[in-house]
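Reckoned from all heavy atoms, side chains included, excluding hydrogens, waters and symmetry mates. Read the numbers this way: they start at 1 and go in the same order the structure lists the ligands and their atoms. Just so you know, residue 1 is the first one in the sequence shown, and it goes up from there.
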Amino acid sequence: MRAKAFWLILVALGLGTKRHWHILAAILLGVVLGIYLPYPNQSLQPDSYYFIHQLFDVVGQLFIRLITMVVVPLVVSSLIVGVSSLGDSRQLGRMGGKVLFYFLLLMGISALLGAGLALWMEPGSQIQQNVLMTADAATIIRELQNAPSQSLQALFFNMIPRNPMESLAQADLVPVIVYTLLFGAAVASVGESGKPIINFFESLFTATMKLTDWVMILAVPGVFSLAFITVAKSGLGVFGQLWVYALTILMGLLIQLFIIFPLMLKFLGKINFMNVYRAISEAIMVAFGTASSSATLPITIACMERRAGVSNRIASFVLPTGATINKTATTMFEVIAVIFLLQAYQIEVTPDKVGIIVLFSIVASIGAAGVPSAGLITIAIVLNSIGHFQMDLLAGGIAMLWSIDRVLDMCRTVVNVVSSCTVATLVASSEGELNRDILNNHDAWTEVV
Ligand code: ASP
């Protein structure tokens, strides 16, 4: 009965035109319902309780599946169109250099910010040692064993596909991007004979964006279900001893979102950040709901092109690379999480360790995929870099981080997405390809979902 009532509300929410408010309402409703109907819930009959959770779990997973489905064709087609429209290889090099500079600058700033905050707030110093020992370690060790290869050399070589088709089939985005960038440059350099290929990928891009629009019909029930299931499963009790840690990360994310990005937009592009944030509001909410910047990519591209006034050429080049490489929030998170672990285990945090943590967090976050919990999995790389820590010795602490990670992951994914949108806007502005009439005129915006 209750489930039916909530479904009716959701359907009603989905009927209007301003869908981004509906998505926000759906997230809030999901959180409230998740608190109200935790998993497991003694007060309900096992059948109905099982049914409600299963139903929303299915809807949430279905939504994630469907948007993930369009990511590979979209990345390939948009990058080939983007790169080939950049023209000669000198232009491509210049643009690539500029984008990489912004990505590294933002990740560097956020790593230093994370270090400053972690040393100031000391999130790990109040953790009781017995909690570290008793936390569930087995799952964690399993997860970390699935982590990507930990040596830097392997990380580097894995970026170059042995067989591009294999990387495509496995949706391994970093090698796919490396191949596509090179292939796009080759297509551009062969002139007329490359035209049919460009035409083909232009059509593929347009049709895939259409498919994205269709998938987004499910956005409201999709993010509602994801928010509900997340809160119902983890509850808010997990914050317990970790509230200082969570607060440190949230403070860092807010500083990036409301100080660093706005200042960059203002001083480097004379752009009001609120216009950009409003333009990408759907992408922000979908990032929050899915905790995956890759899955959000189709919506990010749609928002940037249709509302932020960023040209197709820039959006289709910067956003796919950004969703894979540019993880400013993840960089900061890794710095804070590793310093947290050192503090919790009473290992001295020396300046040289901090330097290594900052550097390797940038590397690890570049290597982290745009999927849920990727940032937590790749802290293995950072931990390895500061000494030969046995993962299982730290497993209790890492288990604590897992217990709270989903909610923080949702927040950092938002910042990762906004960060790439900031770079795309700045690059478009510096290339004279930012249509300010569209960006500043909300009435001209077309619906994204
Ligand atoms: N979930 C994040 C993203 O998709 C990565 C992370 O775990 O930090 O951007």
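In terms of protein heavy atoms, atom 9 (O) of ligand 1 is closest to Ser293 OG, 2.6 Å. Shortest contact from atom 7 (O) of ligand 1 to any protein heavy atom: Gly375 N, 2.8 Å. At the top of the distance list for atom 1 (N) of ligand 1, counting protein heavy atoms only, stands Asp409 OD1, 2.7 Å.
Backbone and side-chain nitrogen or oxygen atoms of Arg412 are examined, and one is located within less than 3.5 angstrom of a nitrogen or oxygen of ligand 1. Considering backbone and side-chain atoms alike, Asn416 places an N or O below 3.5 Å from some N or O of ligand 1. Geometrically, ligand 1 and Ala291 share a nitrogen or oxygen pair separated by less than 3.5 Å.
Set against the non-hydrogen atoms of Val371, the atoms of ligand 1 under 4.0 Å away are 1 (N), 2 (C), 4 (O), 5 (C), 7 (O). Each of the atoms 7 (O) of ligand 1 lies under 4.0 Å from some heavy atom of Ser373. The atoms of ligand 1 that sit less than 4.0 Å from any heavy atom of Thr330 are 5 (C), 6 (C), 8 (O). Close approach of ligand 1 to Ser292 is summarised as follows: ligand atoms under 4.0 Å from at least one heavy atom of the residue are 4 (O).
A salt bridge links Arg412 with Asp409: the distance from a Lys NZ or Arg NE/NH1/NH2 to an Asp or Glu carboxylate oxygen falls below 4.0 Å. Electrostatic pairing of Glu282 and Arg307 counts as a salt bridge here, judged by a charged N lying under 4.0 Å from a carboxylate O. Of the charged side-chain nitrogens involved, none lies within less than 4.0 Å of a carboxylate oxygen, so that Lys353 and Glu348 do not count as a salt-bridged pair.
When all heavy atoms are compared, the tightest approach of Val423 to Tyr102 is CG1-CB, 3.7 Å. Closest approach of Phe317 to Leu79, counting heavy atoms only: O-CD2, 3.8 Å.
A heavy-atom distance below 4.5 Å is found between the side chains of Ile362 and Ile366.
Applying side-chain contact (heavy atoms from CB on, under 4.5 Å) to Thr300 and the options Val417, Val418, Ile284 leaves one that passes, Val417.
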